[in-house]
Amino acid sequence: MTAREPIPKLRLGVNIDHVATIRNARGGDHPDPVRAAEIVARAGGDGITAHLREDRRHIRDEDLRRIQAATGLPLNLEMAATDEMVEIALKHRPHAACIVPEKREERTTEGGLDAAGQIDRLRPAVGRLLDAGIRVSLFIAPEARQVEAAMRLGAPVVEFHTGEYAHAEGDEVALELKRVADMAALAARNGIEPHAGHGLTYDNVQPIAAIPQLAELNIGHYLIGEAVFVGLESAIRHMRALMDAAR
Ligand code: PXP
């Protein structure tokens, strides 16, 4: 029997939006997402993820520069494919830009981007970001037609929305997990680096982390919530340990 190939380390991107949500609840400057970014770096996180929403409900424009200056970690900027956001990305030049669907009335990013249904609309934004040397990722549902759309758009990365998996119950959990695993394999076979995120917790992260093709998970809400009880550094270290143990 041949020994199993070692699976490359899975990167952890920590989404610090909700530190800014708490800050903005009182309108001052505490707690500062920059301090969270520094803790991510100390705790072994591999990247900072932040979503600049159209309504600026959490991260604000000036946070981006401060977050980038605070640590040497790569910034993954989540953004809608609008002209305004593309201009901001070109100004700040994050390591990566993850294109997400955005509805003003939603509480969080409720589903994947329908890349298949709007290839022509997305093409200019994707092209401008790629031309500027920004790694483009598309936040999509784990569906073959969305992976194929990412291929047609020339996106080097896709991030699979794991919300359906996270909310599944009973037999549905295995089915949703298989969808993510199959689509991660499809993406990797076609030269696209697959990532995953949304709704991941200590309880549900390990089956996702065990999918060998996945290169990165982006986790936010649960870690920031857990940080209230144990501190952000401990929460990140625990998540990191669970992810590493699953590989
Ligand atoms: N990845 C992307 C593209 C997201 O938009 C989000 C936030 O919705 C996350 C990951 C993190 O999700 P959560 O906050 O549920 O961990």
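One-based numbering, in listed order, for ligands and for the atoms of each. No experiment lies behind these values; they were computed from the predicted model shown. Scope of the values below: all heavy atoms of this structure, side chains included, with no hydrogens, waters or symmetry mates.
- In summary, the side chains of N76 and T49 do present a donor paired with an acceptor at a separation below 3.5 Å, with no hydrogens or angles considered.
- None of H51, H58, H18 except one satisfies the ring pair (Phe, Tyr, Trp, His ring centres under 6.0 Å) rule with H221; the exception is H18.
- For F139, the ring pair (Phe, Tyr, Trp, His ring centres under 6.0 Å) partners at least two apart in sequence or on another chain are H161.
- Under a 4.0 Å N-O distance rule, the pair R179/E176 qualifies as a salt bridge.
- If you look at ligand 1, the protein residues with a non-hydrogen atom under 4.0 Å away are N15, E78, C98, V100, T108, T109, F139, E159, H198, G199, N218, I219, G220, H221.
- The closest side-chain donor-acceptor pair between N24 and R60 falls under 3.5 angstrom.
- Between R53 and D17, no side-chain nitrogen of the basic residue sits less than 4.0 Å from a carboxylate oxygen of the acidic one, so the salt-bridge criterion is not met.
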